[in-house]
2 protein chains.
Amino acid sequence: MDNLNEAGKLSILVVDDDKEIVNAISIYLENEGYRVYKAYDGFQALDIITSHDIKLILIDIMMPRLDGLSAVVKIREQKNIPIIILSAKSEDSDKILGLSIGADDYVTKPFNPMELVARVKSQLRRYLTLGDVNGTRKANVLKSGGLCFDLDSRTVTVDGEPVKLTATEMKIVELLLRHPGRVFPAEEIYERVWQEPAYNAENTVMVHIRRIREKIEINPREPKYLKVVWGIGYKIEKI
Amino acid sequence: MDNLNEAGKLSILVVDDDKEIVNAISIYLENEGYRVYKAYDGFQALDIITSHDIKLILIDIMMPRLDGLSAVVKIREQKNIPIIILSAKSEDSDKILGLSIGADDYVTKPFNPMELVARVKSQLRRYLTLGDVNGTRKANVLKSGGLCFDLDSRTVTVDGEPVKLTATEMKIVELLLRHPGRVFPAEEIYERVWQEPAYNAENTVMVHIRRIREKIEINPREPKYLKVVWGIGYKIEKI
DNA sequence: CTTAAATTTAAGAAAATCTTAAGAAATTTA
DNA sequence: TAAATTTCTTAAGATTTTCTTAAATTTAAG
């Protein structure tokens with residue numbers, strides 16, 4: 001599988017038996033800076049997703065040979081990437097059918113190109129998190145010893161006991177757990193979690209660290225998980 | 001009852017008073033590898049399903065002698081297999097009637113053969129799970145504790161007591177129940193339920209959440225089912 | 001022992017959610 | 001078609017939770 005895509009572009013696969021539609025969609029997506037792959041039936045689609053690093057799929061559900069709904073199911077068996085269904089039908093029952101089968105969104109033809117792009121971005125935003133370079137959502141738990149972070153339910157447990165962290169606290173724990181053993185200066189934690197330049201923000205980070213410890217450590221004064229490295233920063237050990 | 005069908009093929013019963021339609025459908029289904037039984041009115045249909053191991057029924061609701069809707073009701077009393085209604089009528093009232101009476105899907109004539117096949121496959125996929133050898137479906141309900149959503153009748157009950165939700169409210173509950181434990185940001189709820197990009201829509205979602213809680217929670221201020229995760233979104237617990 | 005770094009605490013500020021209500025929109029009924 | 005009903009959206013204020021700030025305290029390294 002080629003994981004190297006030109007200039008770091010995200011790859012999108014467009015599947016429809018109508019070549020004109022595929023081309024039209026491709027132009028809009030390429031304009032937005034995506035690399036577009038094209039397929040004209042379900043089998044071609046399956047071929048491409050097994051040989052290329054596709055991040056998102058746009059697929060028509062009414063296609064010859066392997067119909068779209070079946071293809072969606074097969075794709076889901078292989079990869080966990082966002083799937084947006086294209087369809088001429090607009091009835092509610094179809095919407096529900098598509099979504100319950102494992103698609104993430106549903107667009108009816110004729111569609112507004114800008115809306116389509118908006119939905120593509122929305123889906124990619126949802127699936128592509130920083131630490132998740134492959135775009136494939138793996139088993140969604142991060143661990144270090146008894147500390148466990150379930151990314152789907154956004155639940156943190158210590159030795160199986162659920163612990164209630166705030167959103168910011170969770171982001172800090174997530175960052176440290178995604179790079180176990182690595183030491184992060186408070187300044188870097190701030191910049192990565194708050195997504196803005198750190199200016200006199202160390203204290204803020206420290207107070208958060210304190211509160212996280214209060215929740216996940218048995219004795220916050222002798223932390224077992226969230227450790228300090230004097231003069232450098234904080235880390236959670238690789239276990 | 002013969003449970004042995006040739007070469008392990010799945011048996012489908014097609015019921016319509018128009019023989020041409022029955023034959024046309026049969027060809028498409030046989031092409032897809034199904035064993036097809038034919039009936040030209042409701043009584044014949046009932047005969048066949050009691051003597052053969054039918055996995056799915058396609059039935060017209062406008063038929064002489066025993067009309068289709070009545071047949072559907074009687075079939076449901078006997079067997080719990082997927083039923084797809086065929087009809088020349090496309091009015092909404094019929095759709096609702098057909099589905100509420102226990103049918104699983106609805107196709108209006110004239111129909112696209114590929115679409116019909118797709119729906120047949122979709123229904124079989126939904127009902128024939130590995131552990132479910134008899135072709136009798138699993139209870140089609142989503143649950144979390146005392147909260148229960150019956151997908152067939154689209155009815156919600158709390159501790160057995162029926163609760164009257166609006167269509168939108170039901171879609172929200174369905175989404176959360178289909179992914180128990182997972183936290184959905186208000187924005188994502190909007191996009192998945194309304195099927196359009198969320199723009200300043202969080203408030204709308206919140207008000208709906210509030211009204212759902214009013215209906216399903218004993219004390220809406222301390223929700224037992226529909227919980228908030230501060231800074232992230234809403235969820236219904238996996239129980 | 002001194003100093004810089006890290007911890008702890010508490011209170012006010014900020015942000016997110018909740019609640020309510022009124023009017024708009026959609027649906028049903030007459 | 002109009003009236004009545006139900007459902008949805010919008011907005012604004014109340015409430016709750018979370019975040020930031022700052023100052024006092026403790027800890028580790030040299």
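Numbers restart at 1 for each chain; the letters A, B, ... are given by sequence-line order, proteins then strands.
- Looking only at distances, a side-chain donor or acceptor of B/Arg213 sits under 3.5 Å from a matching main-chain atom of B/Leu226.
- B/His179 pairs in a side-chain contact (heavy atoms from CB on, under 4.5 Å) with only one of the listed residues (B/Leu175, B/Leu176, B/Leu177, B/Val183), which is B/Leu175.
- End-to-end axis angle for the helix from C/dC1-D/dG30 to C/dA30-D/dT1, using five pairs per end and rounding to 10°, comes out at 40°.
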Listed pairs under 3.5 Å, donor-acceptor, residues 230-239 of chain B side chains, sequence neighbours left out:
residue, atom, partner, partner atom, Å
B/Lys235, NZ, B/Glu237, OE1, 3.4
B/Lys235, NZ, B/Glu237, OE2, 3.4

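- In this structure, CG of A/Leu165 is placed 14 Å from C1' of D/dT17, rounded to the nearest angstrom.
- Near DNA chain D, meaning a heavy atom under 4.0 Å away, the residues from residues 199-214 of chain A are A/Asn203, A/Thr204, A/Val207, A/His208, A/Arg211.
- Under a cut-off of 6.0 angstrom, the local environment of CD in A/Glu214 is crowded, with over 12 non-hydrogen atoms contributed by other residues, nucleotides or ligands.
- Applying the ring pair (Phe, Tyr, Trp, His ring centres under 6.0 Å) rule to A/Trp194 yields the partners A/Tyr190, A/His208; only residues at least two apart in sequence or on another chain are considered.
- Side chain of A/Lys215 to main chain of A/Lys164: a donor-acceptor pair is present (N/O by atom type, distance under 3.5 Å, no hydrogens or angles).
- Side-chain atoms of A/Leu29 and A/Val14, non-hydrogen and from C-beta on, do get closer than 4.5 Å to each other.
- Using modelled atom types, one side-chain atom of B/Glu217 and one backbone atom of B/Tyr225 make a donor-acceptor pair closer than 3.5 Å.
- Between B/Arg192 and B/Glu188, the closest side-chain pair of non-hydrogen atoms falls below 4.5 Å.
- In this structure, the side chains of A/Lys55 and A/Tyr34 stay at 4.5 Å or more apart for every pair of heavy atoms.
- Listed pair A/Thr166 / D/dC19 meets the phosphate criterion, a side-chain N or O lying under 4.0 Å from OP1 or OP2.
- Near DNA chain C, meaning a heavy atom under 4.0 Å away, the residues from residues 220-228 of chain B are B/Arg221, B/Val228.
- Heavy atoms of A/Tyr234 sit under 4.0 angstrom from primed sugar atoms or phosphate atoms, though from no base atom.
- Side chains of B/Leu116 and B/Leu58 form a contact here, defined as non-hydrogen atoms less than 4.5 Å apart.
- Residue A/Trp194 has no polar side-chain atom (N or O) positioned under 4.0 Å from OP1 or OP2 of D/dC19.
- Looking only at distances, no side-chain donor or acceptor of A/Glu222 sits under 3.5 Å from a matching main-chain atom of A/Asn219.
- Close approach of DNA chain C to chain A, defined as any atom under 4.0 Å from a non-hydrogen atom of the protein, starts and stops at C/dA5 to C/dT9.
- Checked by atom type and distance alone, the side chain of B/Glu174 never pairs as donor or acceptor with a backbone atom of B/Lys171 at under 3.5 Å.
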